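In listed order, ligands and their atoms are each counted from 1. Along the sequence shown, residues are numbered consecutively beginning with 1. Note that the coordinates shown come from a computational prediction; the quantities given were computed from them, not determined experimentally. The basis for the numbers below is simple: all heavy atoms, side chains too, and nothing from hydrogens, waters or symmetry mates.
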Amino acid sequence: LGIETSCDETAASVVQENGDGTAKVLSNVISSQIKEHRKFGGIVPEIAARSHVENIDFIIEEALNKSKRKINDLDGIASTTGPGLVVCLHVGYNIGKSIATFSKKTFLPINHLEGHALSPSIENKISFPYLLLLISGGHSQYLIVKGINDYKQIGTTIDDAVGEAFDKTAKILDLGYPGGPNIEKFSKLGNKNSYILPQPIINRAGCNLSLAGLKTDVLRKSKNIKSNQDKYDLAASFQETINKILTKKTEVAMMEFRKKVSDKSTRPFVVAGGVAANETIRKSLKELSKKLKFKPIFPSKEFCGDNAAMIAWAGIQRYKKKLFSKNNETVRSRWPLDK
Ligand code: KG4
Ligand code: ZN
């Protein structure tokens, strides 16, 4: 049983391994709080935590019912323990640990980023090492996934996460929350070449990202918007700039991967996190992968955004390798995968 409450999704899932390196997801229940946060244009931690408390027991019950399993059938219970909003993490951690204690099952505290990192093998037979680009509302990282519990971060954002930049830009342009899907939708009505926007640290700092300057420039230019068409043009130009930045930085990350991993064969390149749903970004990264001998993998939408199946799946893999935490950790807002 996996439990996820690190941000604004309350989720529970029962997962069974197939024995061939992939998983059978018996249930994957997700309750999104988008409606509750929409009026604030972003996530309010206290509201998110209260909503987790109100929903988590129903969500776990539904996940068990849908999977046709009882608590006694489980081998272990895995909860996201970080990184994330501490008040939210506590909800999933406490209920997961309580169920495990009373049912005498193994409790596995899981790093949310490890859940994302291992999620592609839920559906695909995939061999290590592979390159992962994780682009969500809270994280933007390039990771070399060498094996279970063996991750090397080669790049990250030095300010805003990619999804955060989409959300903040949508807020500036009054295009609604969450911003990513709306920017993508309204970009279709605009001209992506109408505004020239900055691409901070594009030719330096390896595959690290910086997006705050881009957002500030959108804010500056938004003051001169005179029509809806101007707004759509600015949204389209923003999306195109992010697309160019990610394509360039991914090229750098792929070269770095080759340098660090002495394997010349075609390797998987996994793109996970909510922003991986963006069609423009997908298309560019697929073309780049072809050019640089990587096989692009985009986990399906239900395993791409925040979900509990990936937490259960990371739990299964840790359980099999006997990677148990001695003191069960405690929740943490920051928890890098790369030690
Ligand atoms: O992974 P996720 O569901 O949750 C976490 O943040 O962990 O990612 C949500 C983020 C939001 O910032 C949202 O605006 C962005 O992913 N997003 C998109 C798209 N769909 C979701 N960004 C760009 N284009 C999209 N189509
Ligand atoms: Zn996430």
Side-chain angles (χ1 to χ4, degrees), residues 2-11 13 28 30-34 37-38 40-43 45 48 52 79-85 88-89 92 110-120 132-141 143 156-157 160-173 175-188 192 209 211 214-215 235-236 238-243 245-246 270-285 298-311 313-314 333-337:
I3 299 169
E4 159 66 41
T5 63
S6 66
C7 193
D8 62 339
E9 323 275 1
T10 316
S13 166
N28 189 22
I30 305 177
S31 161
S32 168
Q33 305 174 359
I34 283 179
H37 299 291
R38 185 169 278 144
F40 302 103
I43 296 161
H52 288 311
S79 292
T80 304
T81 307
L85 301 166
C88 295
L89 288 163
I110 300 295
N111 183 318
H112 180 85
L113 301 172
E114 181 169 57
H116 278 300
L118 301 178
S119 66
L132 173 80
L133 168 60
L134 173 59
I135 32 179
S136 69
H139 305 283
S140 299
Q141 313 196 328
L143 284 164
T156 186
T157 178
D160 291 351
V162 181
E164 188 183 358
F166 269 97
D167 293 339
K168 285 179 176 168
T169 297
K171 198 170 178 183
I172 292 168
L173 298 178
L175 291 176
Y177 173 83
N182 288 327
I183 296 261
E184 178 163 31
K185 185 169 121 196
F186 289 107
S187 289
K188 292 197 175 83
K192 63 181 184 187
L209 300 160
L211 302 170
L214 167 58
K215 175 196 63 196
F238 164 81
Q239 181 177 266
E240 181 58 11
T241 307
I242 291 268
N243 187 35
I245 293 171
L246 284 177
V270 180
V271 191
V275 185
N278 187 287
E279 288 300 334
T280 306
I281 294 171
R282 272 183 183 229
K283 189 163 172 274
S284 302
L285 295 180
F298 294 85
S300 54
K301 228 173 159 233
E302 60 180 319
F303 304 128
C304 210
D306 286 350
N307 66 87
M310 69 180 191
I311 302 305
W313 183 227
S333 59
R334 289 180 182 275
W335 185 2
L337 263 189

field: Name of whichever N/O/S atom of His116 is nearest to the Zn ion (ligand 2)
entry: NE2

- prompt: At what distance is the nearest protein heavy atom to atom 7 (O) of ligand 1, and which residue and atom is it?
  reply: Asp306 OD2, 2.9 Å

- request: Output yes when a side-chain donor or acceptor of Glu184 lies under 3.5 Å from a complementary backbone atom of Glu279, and no otherwise.
  value: yes

query: For ligand 1, is there an N or O atom under 3.5 Å from any N or O atom of Ala277?
result: no

task: Report the name of the N/O/S atom of Asp306 located nearest to the Zn ion (ligand 2).
output: OD1

- prompt: Closest approach of Ala272 and Leu132, non-hydrogen atoms and distance?
  reply: CB-CD1, 4.2 Å

- prompt: Going by atom types only, do Glu4 and Ser6 share a side-chain donor-acceptor pair under 3.5 Å?
  reply: yes

message: Check this for me - ligand 1, Gly274, N or O atoms closer than 3.5 angstrom, yes or no?
response: yes

query: So, do Cys7 and Glu9 sit near enough that their side-chain heavy atoms are less than 4.5 Å apart?
result: no

- prompt: If you measure from each heavy atom of Gly138 to ligand 1, is any distance below 4.0 Å?
  reply: yes

Under 4.0 Å to a heavy atom of Gly273 - the qualifying atoms of ligand 1, by number: 1 (O)

field: His112 atom (N/O/S) at minimal separation from the Zn ion (ligand 2)
entry: NE2

- request: Can you pull out the closest protein heavy atom to atom 18 (C) of ligand 1? Residue, atom name and distance to 0.1 Å, please.
  value: Gly180 CA, 3.4 Å

task: Indicate, as side chain, backbone, both or neither, the part of Asp167 found under 4.0 angstrom from ligand 1 when only non-hydrogen atoms are considered.
output: side chain

